[in-house]
Enquirer: 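Input: one structure, supplied below.
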Amino acid sequence: EVMSKLVKADFKGYVLERRDGSVIKAIPEGEALKATLMEALKGEATWQLVNSFGDTQDGSLMGKVEISIVPVKIDFDEATGETLGVKDLDTPITENRGKRVLRACEIDTASKKCRPNTGDSISLVITNTSDSPLWVTILNLRSDGTIGLAFPDGNWVRDNKIAPRTTFRLPYHFQFTPPYGEERFCAIITRTETDFSPLINPALLTREPETERGRNADASPLGKMLRQATRGQRGATVAPPPSWATTYVVYYIIPPAGD
């Protein structure tokens, strides 16, 4: 792991890896070793659960939604940090062994934040190829076992309905940071109003369970699995939910240039 720059040469501790060689977490020796190890394994169990989601037997949803990543260059005002402009890059994202490769940004040691104009940034595009509206929730399965919410984010976008025969580009962008390794965007698609985002991000619970989308997600078997996996809560017995389908975009994050 020293050769791949995941840990320093003087590192003492344990490195958790998946069977494919991707690193879950590097855990240094110390008093917090046991607690950190348990937390990492718990997060990995959730990651593997979400990653294993398959489609239901309803074939009418399969292949109806496509998600893609578009590399972009974002110009920042270095004084204020505000975005001045966004431009699509003509060059495709590098691929290695069939995986898209994205370079992480450089982290400022003082602020612990990305330095502007370093590393790769992308825009996420959702296409509904069907003749009916569909509802899409996109999760970010990170290499360290954590699960982030990509869409809807609750700020820029609150409605996850994608109109028929429509391509929707998210109005916000992603700049990639450590940890390094394989990651993926996982889209969950349903034909009825459903938004799984509050089950991943409890901060959104104040709004979504009171909507039809939130109630449908909370009542579905998939929603119950997500709730139990992410928050350790079991759901009440409810009527069978709508069916769903999933699609993924897989990519690989590497260290920034010169790191």
Side-chain angles (χ1 to χ4, degrees), residues 43 46-47 50-51 53 65-76 81-86 88 100 102 104-105 112-114 116 119-128 133-163 166-179 183-190 192-218 220 222-223 226-227 229-231 244-251 253:
T46 302
W47 193 99
V50 176
N51 188 48
F53 286 158
V65 167
E66 301 170 357
I67 55 173
S68 57
I69 53 180
V70 178
V72 296
K73 183 179 185 301
I74 304 175
D75 291 322
F76 295 91
E82 294 183 358
T83 301
L84 299 177
V86 179
D88 288 359
R100 299 168 176 85
L102 296 166
C105 67
K112 304 298 182 183
K113 295 182 179 179
C114 281
D120 291 329
S121 297
I122 63 103
S123 179
L124 199 58
V125 177
I126 308 169
T127 302
N128 177 3
L134 296 173
W135 282 261
V136 179
T137 301
I138 301 181
L139 310 179
N140 179 204
L141 279 63
R142 298 167 182 154
S143 61
D144 62 355
T146 58
I147 301 175
L149 179 62
F151 173 81
D153 70 326
N155 296 313
W156 289 89
V157 180
R158 295 174 66 93
D159 189 355
N160 63 332
K161 177 182 177 181
I162 307 298
T166 298
T167 294
F168 175 71
R169 184 163 180 164
L170 272 59
Y172 47 91
H173 306 88
F174 300 88
Q175 186 175 24
F176 293 94
T177 62
E183 296 195 358
R184 59 192 62 200
F185 287 113
C186 168
I188 306 173
I189 306 115
T190 62
T192 56
E193 295 185 59
T194 315
D195 180 2
F196 294 97
S197 59
L199 303 178
I200 295 298
N201 183 358
L204 300 178
L205 285 171
T206 54
R207 64 176 179 88
E208 287 304 341
E210 300 306 318
T211 69
E212 188 67 20
R213 291 179 297 146
R215 287 190 293 269
N216 285 341
D218 200 57
S220 71
L222 186 59
L226 279 169
R227 179 175 56 245
T230 57
R231 292 186 277 139
W244 70 87
T246 56
T247 186
Y248 296 87
V249 172
V250 181
Y251 52 93
I253 298 179

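Everything numeric in this text was worked out from a predicted model, so none of it was measured.
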Enquirer: Looking at every heavy atom in both E183 and N140, which two are closest together, and how far apart are they?
Expert: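 The answer is OE1-ND2, 3.6 Å.
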Enquirer: Which pair of non-hydrogen atoms, one from E193 and one from W135, has the smallest distance, and what is that distance?
Expert: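 In terms of heavy atoms, the two residues are closest at CG-CZ2, 3.3 Å.
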Enquirer: Can you name the nearest heavy-atom pair linking V136 to A187, along with the distance?
Expert: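 What the structure gives for the nearest pair is CG1-CB, 4.1 Å.
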Enquirer: May I ask you to test the H173-I74 pair for a side-chain heavy-atom distance under 4.5 Å?
Expert: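 Yes - at least one pair of side-chain heavy atoms lies under 4.5 Å apart.
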Enquirer: Apply salt bridge (Lys or Arg N to Asp or Glu O under 4.0 Å) to K73 and list each qualifying residue two or more places apart in sequence or on a separate chain.
Expert: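 Applying salt bridge (Lys or Arg N to Asp or Glu O under 4.0 Å) to K73 gives D75.
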Enquirer: Under a 4.5 Å cut-off applied to non-hydrogen side-chain atoms, are I126 and T166 in contact?
Expert: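 SC-SC contact between I126 and T166 ruled out.
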Enquirer: Does a side-chain heavy-atom distance below 4.5 Å link V157 with P171?
Expert: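 Yes; the side chains approach each other to less than 4.5 Å.
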Enquirer: Do the non-hydrogen side-chain atoms of E66 and T247 ever get within less than 4.5 Å of each other?
Expert: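 No, side chains not in contact.
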Enquirer: Any side-chain heavy-atom pair from T167 and V125 closer than 4.5 angstrom?
Expert: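 Yes, their side chains come closer than 4.5 Å.
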Enquirer: If you define the side chain from C-beta out and look only at heavy atoms, does anything of F185 sit under 4.5 Å from F151?
Expert: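 The answer is no; the side chains never approach within 4.5 Å.
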Enquirer: Using every non-hydrogen atom in the two residues, find where A150 and L170 come nearest and quote the distance to one decimal.
Expert: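 Closest approach of A150 to L170: O-CD2, 3.8 Å.
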Enquirer: Taking side chain as C-beta onward, heavy atoms only, is S123 less than 4.5 Å from I69?
Expert: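 Of all side-chain heavy-atom pairs linking I69 with S123, none is under 4.5 Å.
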Enquirer: Taking all non-hydrogen atoms of both residues, which atom of G148 and which atom of R142 are closest, and how far apart?
Expert: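 Heavy-atom minimum between the residues: CA-NH2, 3.7 Å.
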Enquirer: Apply side chain to side chain contact (heavy atoms under 4.5 Å, CB included) to T177 and C114, showing your working.
Expert: CA-CA 7 Å; T177 62; C114 281; 3.3 Å; yes
Enquirer: Could you go step by step and tell me if I138 and L149 meet the side chain to side chain contact (heavy atoms under 4.5 Å, CB included) rule?
Expert: CA-CA 7 Å; I138 301 181; L149 179 62; over 6 Å; no
Enquirer: Between C105 and P178, what is the shortest heavy-atom contact and its length?
Expert: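 Minimum heavy-atom contact is O-CD, 4.5 Å.
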Enquirer: Does the side chain of L124 come within less than 4.5 Å of V249's, by heavy atoms?
Expert: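 No, side chains not in contact.
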Enquirer: Is there a side chain to side chain contact (heavy atoms under 4.5 Å, CB included) between I122 and V70? Walk through the geometry before answering.
Expert: CA-CA 5 Å; I122 63 103; V70 178; over 6 Å; no
